[in-house]
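Written out below as structure tokens is the structure these notes cover.
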Amino acid sequence: MTSVKKTKKLKKYHAASKQAMQILRDNICEVITQGKIYRRTVPSKEFYVHQWKWDSESVAMGLIHFDEELAWDELRALLAGQWENGMIGHVTYNKDETKYYPQHYVWRTEKFSQNGIITSGITQPPILGIALEYLYQHASSKQKAQQLLAEFLPALIKYHNYLKAYRDPENMGLLTVIHPWESGTDNSPRWDQALLQLDLKKIPPRVKDDVHKNRTDNTLGKKSHRPHHEDYYRFLGLIDMYADMNWDYEKIVKTSPFAVKDIIFTSIWVKANEALAMLLEETGETKFAAKYRSWAKQSQKALSQTWDPKTKQFCDIDVNNGHYKLLHTPTIAMFLPLYAGAVTEQQLDILLTRLFNPREFWTKYPVPSTPANSPFFEIARYWRGPTWPLTNFFIYEGLKRYEKKHPLTKRMARILLEKSLDMIVEKGWYESFSPHEDVGEEEHAGFGFGKFSWTAAIFLQLFERYKKALAEEKMQKKQITANLQQPKIAAVLHLDE
Ligand code: 2M8
């Protein structure tokens, strides 16, 4: 790219970053509970009017680039609803809002609420530690950041201890999710097979009636972008079953028809433990840090063992009923172990070949959530096809983690970075995106709800990395020019002698 083109692009991204900041500011909702004000960013006012855990953790990492106080407030509001046992709900509800389905009463979790804050009874991928480390690293005052760590670390430790105790009861290093919503990739084909174990006939008619009468996502949003009714029966059926078990996680994990070792959740868990250990070391708690480093190492090793040589990919594992069954449907999940540093050289070769195959994952706007040539691929239906900025962010970071191990990773990471930014700038601030070029047809644009906080926050993070990459490239160019000039100088000096 010529330097004129580069400058033009930088300007375009810069203008877009201003829009991203505005979206984040506009999506902040102040909620007063028991006399306390909480500032929470909602994913989109069009539908998602509460606080979502992994959205919020990503949002905090976007906010830190222009308003530090807001960034810490975001996590503060999230942690205010943490349960006594350490669980952090995937949704923190605003009781005054009724637009979103399911509403808070569906969960029957009032008795576990803290500070009067009602949350769901399931969690989401554990980005919290990664977000805390990011905020700490980007804080303008190290002294203040140290104080903030003292405030936030106990909650993070409590959350990690909850996950280890209840989601890895076998102590094998792989974490169990008990609901597709916990994975964050709700209706991904990776869960199709496991979900079949929940017999639709066994779901109480009142649960199905409730879905029929009250579901709003497919009326406020486009039906063709959203999961099917049958998915919702199962999503709500599981919630009803767990509420009947009084949210006893030991029992739920043992007996639920949906209990899966999730490789995305576990990969993020590895990074989050590395982050927690680093933060503990920063505060002088070296011995304590070792425990979380060992959890990260254990999970790294366990992830590498989820590799299936037949299908040549990492796999989730269905652990329902004590059986261990690899789930083979290829999805974007297979790349997350890169983020966790759990990939051998041979596996890396295979993964890169798949990732850079234009028929599978390397589309015009990579990386689709399901390979473009898969029979399960549906271009606009949520986690069954579209490209998502968050997963691109993880894959970008994963490729960077391996940049010294393979000549291709650095270049491809750089291309993915630019394609992700272009995709958002060209298609808009949507929830997810068509992996194909926008040729003016609806199915090639952005999908889901608009003015999406997650997209804005990831844009800001990727833009930071883009600026850093440009600066590095400039330095390298200078270095090369200097090296090239070296012999000439020598020659000149020689002549002078
Ligand atoms: C989507 O999930 C929620 C349920 O949690 C829904 O569809 O109602 C997913 O994309 C999830 O990953 C995300 O956190 C949430 C809010 O953006 O929406």
Side-chain angles (χ1 to χ4, degrees), residues 23-24 27 29 40-62 74 78 88-94 97-104 106-107 119-128 131 177-188 190-191 211 214-229 231-236 238-239 242 262 264-265 268 331-333 336 369-370 380-394 429-433 446-458:
I23 289 174
L24 290 178
N27 283 342
C29 289
R40 304 170 181 160
T41 307
V42 303
S44 170
K45 284 189 174 162
E46 293 172 13
F47 172 60
Y48 300 102
V49 285
H50 309 287
Q51 185 179 27
W52 263 260
K53 186 182 161 294
W54 78 330
D55 296 57
S56 203
E57 291 154 350
S58 316
V59 159
M61 292 190 266
E74 185 68 32
L78 177 72
I88 303 174
H90 92 300
V91 179
T92 300
Y93 277 91
N94 174 357
E97 289 283 1
T98 53
K99 204 182 246 180
Y100 178 77
Y101 176 83
Q103 288 187 40
H104 65 89
V106 166
W107 298 89
T119 76
S120 65
I122 57 172
T123 190
Q124 260 184 339
I127 308 186
L128 183 63
V177 295
I178 52 172
H179 196 291
W181 283 349
E182 283 205 319
S183 75
T185 60
D186 308 5
N187 67 336
S188 166
R190 60 199 283 238
W191 308 134
V211 170
N214 299 322
R215 195 177 164 193
T216 51
D217 62 302
N218 57 348
T219 50
L220 292 173
K222 282 212 172 109
K223 222 172 156 186
S224 58
H225 298 180
R226 299 291 308 177
H228 293 289
H229 247 27
D231 298 321
Y232 262 74
Y233 291 154
R234 291 196 162 94
F235 294 163
L236 273 292
L238 286 172
I239 295 171
Y242 300 157
D262 175 343
I264 294 188
F265 200 108
I268 293 171
T331 69
I332 199 168
L336 264 287
S369 38
T370 301
R381 203 178 293 285
Y382 224 34
W383 288 94
R384 298 185 81 85
T387 296
W388 290 74
L390 180 74
T391 37
N392 274 16
F393 171 78
F394 290 136
W429 301 99
Y430 288 97
E431 189 175 359
S432 66
F433 298 86
F447 307 129
F449 294 93
K451 292 200 174 157
F452 214 73
S453 300
W454 221 359
T455 304
I458 299 293

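Keep in mind that this is a model prediction, so the values were computed, not measured. Because only heavy atoms are used, hydrogens play no part in the values below, and waters and symmetry mates are left out as well, while side chains stay in. In listed order, ligands and their atoms are each counted from 1.
- For the pair Thr455 (side chain) and Tyr430 (backbone), a donor-acceptor distance under 3.5 Å is present.
- Scored by the side-chain hydrogen bond (donor to acceptor under 3.5 Å, both in side chains) test, Asp55 finds no partners at all (sequence neighbours excluded).
- Aromatic pair Trp388/Phe393: centroids not less than 6.0 angstrom apart.
- Checked against the 6.0 Å centroid criterion, the rings of Tyr100 and Trp52 qualify as a close aromatic pair.
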Can you produce the list of protein nitrogen or oxygen atoms under 3.5 Å from a nitrogen or oxygen of ligand 1, alongside each distance?
unit_1, atom_1, unit_2, atom_2, d
ligand 1, 2 (O), Asp186, OD2, 2.7
ligand 1, 5 (O), Trp52, NE1, 3.0
ligand 1, 5 (O), His90, NE2, 3.0
ligand 1, 7 (O), Asp186, OD2, 3.2
ligand 1, 7 (O), Arg226, NH2, 3.0
ligand 1, 7 (O), Tyr382, OH, 2.6
ligand 1, 8 (O), Tyr100, OH, 2.5
ligand 1, 10 (O), Trp383, NE1, 3.1
ligand 1, 12 (O), Trp54, NE1, 3.0
ligand 1, 12 (O), Gly184, O, 2.7
ligand 1, 14 (O), Trp54, NE1, 3.1
ligand 1, 14 (O), Asp55, OD1, 2.6
ligand 1, 14 (O), Gln124, NE2, 3.0
ligand 1, 17 (O), Asp55, OD2, 2.7
ligand 1, 18 (O), Tyr382, OH, 3.4

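- Residues meeting the ring pair (Phe, Tyr, Trp, His ring centres under 6.0 Å) test with Phe265, sequence neighbours left out: none.
- For Trp383, the side-chain hydrogen bond (donor to acceptor under 3.5 Å, both in side chains) criterion is met by no residue, not counting sequence neighbours.
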